[in-house]
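Throughout, a chain's letter reflects where its sequence line sits, starting with A, and its residues are numbered from 1. Worth saying up front: this structure is predicted, and the values here are computed from it rather than measured. Just so it is clear, the values below take in all heavy atoms, side chains as well, and ignore hydrogens, waters and symmetry mates.
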Amino acid sequence: MPELDNAAIARELEVMGDLLEIAGADRFRVLSYRKAANSIRAWPEQLSAMAEQDRLTEVPGVGKRLAASITEMLHHGTFPELEAAKAEYPAGLVELTQVAGVGPTRARQFYDKLGVDSVDALLHAIDSGELGRIGGMGEKTVASIRRGVESFLAHRGRMLLRDALPLAERLAAELLEHPAVLSATPAGSLRRMQETVGDIDIITASEDGPAVMDAVRELPAVARVLGSGETKTSVLTTSGLQVDVRVVAPEQAGAALQYFTGSKEHNIALRQIAKRAGMKVNEYGVFRVDAQGTEVERLGGTTEDEVYELLGFPQTPPPEIRHDTGEIEAALAGTLPRLVEPGDIRGDFHAHTTSTDAHSTLEENRAMAAELGYEYLVVTDHAENLRMVRGMTVPQLEEQWAEVDALNAARGELPYILKGVELNIGADGTVDYAPDVLARFDFCIASLHSGWGEDGEAVTGRLLRAMESLYVDIIGHPTGRIIGRRDPIALDMDSVLARAAETGTIMELNAYPDRLDLSDAHLRLAMQHGVRIAIGTDAHRAEHMRYMRYGVATARRGWVTPDLCLNAQPLDTVRSWLRRNSA
DNA sequence: GCCGTTTTCGGCCCGACTGTTTTCAGTCG
């Protein structure tokens with residue numbers, strides 16, 4: 001039985017929750033499956049190991065019943081309740097609920113009335129006009145669902161980096177344990193830290209290729225072998241992702257890594273440079289060629305740095321920016337900026353607690369911040385106007401501030417806590433609380449939480465209006481996008497960033513893995529405007545603070561430098577950057 | 001289905017927004 005990793009277990013539990021919801025089960029029962037899935041996804045230890053020691057109930061949200069179901073799943077790939085649920089409604093309906101505008105009720109309605117059991121069938125039902133003939137489905141609703149379908153289809157078959165990266169790292173580590181494997185490195189879009197990836201490429205170096213190919217087929221996470229030859233084996237993992245593992249000779253490892261990291265555009269530009277210099281570069285190395293283009297001499301290719309060096313680069317462009325969008329010219333000129341890196345990060349600028357809709361306490365967040373080696377952290381619970389999560393009232397804030405003061409007073413070597421809040425930008429661009437209350441925070445984030453249907457111009461106006469307030473220090477998840485689910489608002493980003501630069505407003509890079517908002521392209525624009533960036537994980541449990549790595553990766557993709565990154569500053573500088581303190 | 005300074009039952013996730021509904025259903029966060 002192939003081994004299920006935490007992501008795969010979490011996914012099955014989510015499917016179970018979705019099917020129960022479609023079937024109209026008790027909503028709290030549905031919720032418990034989702035809570036457990038969320039908790040398992042962020043859990044650092046593999047559940048397969050914990051199950052053997054009968055310790056599954058240590059995971060928050062996992063009780064006796066779920067522990068039994070998970071154990072069953074680890075042994076048989078499924079559990080009886082899941083099979084029963086799938087017998088009632090096809091699992092394809094779960095896919096339907098992933099479409100924005102379609103929830104469990106509509107999924108079931110579409111299935112019962114039209115036999116729609118997939119997103120493709122839904123699109124067909126929209127096109128044929130069948131959907132519009134169901135009661136309650138007016139023109140606007142159908143149009144809204146169509147947009148949801150289009151967004152879904154544009155991202156189908158791709159996996160969030162959050163799910164793919166830990167899997168790839170684990171596979172590489174497992175391969176490295178094999179004596180024949182000298183190195184194993186994830187390449188491709190994953191190494192470039194793209195927000196979603198379609199498959200995983202791993203480059204291994206070995207003197208004994210066939211032994212490595214054997215090892216790949218034997219990996220615990222392999223569900224099916226798609227193909228296996230002398231230099232490449234393709235497998236499908238239990239999480240449904242395709243993995244291609246290539247094996248090359250040790251002296252080719254750098255060239256292969258460079259070649260398979262891409263991007264395609266970057267490599268084309270590189271080969272043009274080689275050709276002009278009388279050389280050739282491919283996945284086997286860098287070569288000198290004669291006038292006819294025939295290989296004369298192999299120059300190198302053992303390491304990636306060597307490949308770039310032979311081609312005349314004083315700097316190796318970091319994988320995250322290899323898109324042929326200026327990095328080649330800059331690296332050749334030796335003017336690539338130093339990009340922000342994980343070691344620069346001194347704190348997290350967006351985290352919730354049990355005071356509103358999150359699952360960890362302030363102290364648990366601080367313990368995680370300490371584990372991550374931070375100097376400071378923040379509390380940014382939801383503000384009053386967001387009633388759906390019972391945002392903080394002023395008396396509740398005062399209670400929280402007293403707690404922060406007490407924790408800070410007795411902190412010793414522990415990180416310092418800044419008093420923050422996540423305000424809501426209202427329909428008119430105003431935010432929560434009176435100015436005298438806003439003045440008492442160390443800083444405020446202001447975010448949009450409604451009005452996704454408005455046009456870009458209107459939302460741009462709301463953001464510009466919000467930036468009129470001296471107490472809006474940071475704009476949170478500016479475009480509101482959720483990858484694969486909700487498109488970014490079509491903001492006039494140039495205007496927003498220009499205004500941010502004028503007012504000294506900091507823009508957030510929300511590091512939650514399905515947001516990554518601002519995106520790489522917008523970040524680069526922000527850098528050109530000289531706008532400062534604050535990376536925040538938007539943690540809803542302490543473990544989510546580990547998502548900082550996806551924020552840093554996205555920052556690097558957006559050419560964010562430490563001197564414009566709030567998280568890279570010591571506490572005193574952080575304070576001086578906040579707008580309220582700079583007037 | 002989980003959880004416990006209300007501890008083995010009974011609470012947990014509720015209000016804004018949208019569209020089509022003339023009094024509310026469904027989705028979303």
Side-chain angles (χ1 to χ4, degrees), chain A residues 12-14 16-40 56-70 72 79-82 84-85 96-110 131-149 151-152 350 352 354 356-359 361 381-391 393 422 424-428 432 447-454 458-459 462 476-477 480-482 485-487 510 512 514-515 517 538 540-541:
Chain A
E12 291 303 304
L13 293 179
E14 263 162 14
M16 178 69 192
D18 290 344
L19 286 173
L20 282 177
E21 190 174 36
I22 290 166
D26 174 68
R27 65 197 168 117
F28 296 112
R29 201 173 151 221
V30 173
L31 191 65
S32 65
Y33 277 96
R34 299 211 174 125
K35 269 188 178 168
N38 185 274
S39 165
I40 288 167
L56 285 175
T57 52
E58 285 176 25
V59 181
V62 176
K64 265 189 172 173
R65 295 289 306 271
L66 276 180
S69 296
I70 292 166
E72 185 78 13
F79 55 101
E81 292 89 342
L82 179 61
L96 278 187
T97 65
Q98 310 296 312
V99 173
V102 181
T105 310
R106 283 182 184 158
R108 186 172 61 185
Q109 190 186 15
F110 298 163
L131 200 74
R133 285 192 281 275
I134 294 184
M137 288 290 125
E139 227 175 89
K140 284 187 177 176
T141 305
V142 173
S144 148
I145 291 174
R146 174 192 279 282
R147 280 195 301 277
V149 168
S151 174
F152 177 90
H350 195 154
H352 297 267
T354 46
T356 54
D357 62 341
H359 305 282
T361 63
D381 274 313
H382 288 289
E384 205 165 39
N385 295 351
L386 200 64
R387 299 197 199 285
M388 61 194 170
V389 295
R390 292 192 203 157
T393 60
E422 183 176 11
N424 312 290
I425 300 175
D428 56 358
D432 316 59
S447 311
L448 295 160
H449 290 108
S450 62
W452 309 121
E454 291 178 48
V459 185
R462 285 168 70 194
H477 47 72
R481 76 156 173 179
I482 296 180
R485 224 179 136 64
R486 187 165 69 207
D487 287 335
N510 191 293
Y512 207 80
D514 62 2
R515 286 190 180 268
D517 179 14
D538 210 343
H540 279 68
R541 61 175 69 245

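- With contacts defined as side-chain heavy-atom distances shorter than 4.5 Å, the pair A/Glu81/A/Leu20 does not qualify.
- Nucleic acid contact for A/Lys35: none, since no nucleic acid atom lies under 4.0 Å from a heavy atom of the residue.
- Proximity note for A/Leu66 (side chain, C-beta onward) versus B/dT27, B/dG29, B/dC2: the nearest is B/dC2.
- Comparing B/dG19, B/dC14, B/dG1 by their nearest atom to the side chain of A/Lys140 picks out B/dG19.
- No side-chain N or O of A/Asn510 forms a donor-acceptor pair with one of A/Asp517 less than 3.5 Å apart.
- A distance of 11.0 Å separates CD1 of A/Ile482 from CG of A/Asp487, quoted to the nearest 0.5 Å.
- Ranked by how close their nearest DNA chain B nucleotide is to the 5' end, A/Gly136 and A/Gly103 are led by A/Gly136.
- Computed from coordinates, the A/Glu14 CD to B/dG1 P distance equals 17 Å when rounded to whole Å.
- With B/dG1, B/dG29, B/dC13 as the candidates, the nucleotide lying closest to the side chain of A/Asp26 is B/dG1.
- Among the nucleotides B/dT27, B/dC2, B/dC14, the one closest to the side chain of A/Arg106 is B/dT27.
- Within the nucleic acid shown, A/Ala36 has no heavy atom closer than 4.0 Å to any nucleic acid atom.
- Distance from the side chain of A/Arg65 is smallest to B/dG1 among B/dG29, B/dG1, B/dT20.
- Residues A/Tyr33 and A/Glu21 have side chains not in contact (no heavy-atom distance under 4.5 Å, counting atoms from C-beta outward).
- Regarding contacts with the backbone of B/dT20, a side-chain N or O of A/Thr141 is found under 4.0 angstrom from either OP1 or OP2.
- With both pairing distances under 3.5 Å, B/dG15 is matched to B/dC28 as a Watson-Crick or G-U wobble pair.
- Note on A/Gln109: nothing from the nucleic acid sits closer than 4.0 angstrom, heavy atoms only.
- Within the 4.0 Å cut-off from OP1 or OP2 of B/dT27, at least one side-chain nitrogen or oxygen of A/Thr105 is found.
- Backbone-only engagement by A/Val62 is indicated by non-hydrogen atom pairs under 4.0 Å involving sugar-phosphate atoms exclusively.
- Note on A/Leu20: nothing from the nucleic acid sits closer than 4.0 angstrom, heavy atoms only.
- Residue-level contact check: A/Leu386 touches neither bases nor backbone, having no heavy atom under 4.0 Å from any strand.
- Here the nucleotide nearest the side chain of A/Ser32, chosen from B/dC2, B/dT27, B/dC13, is B/dC2.
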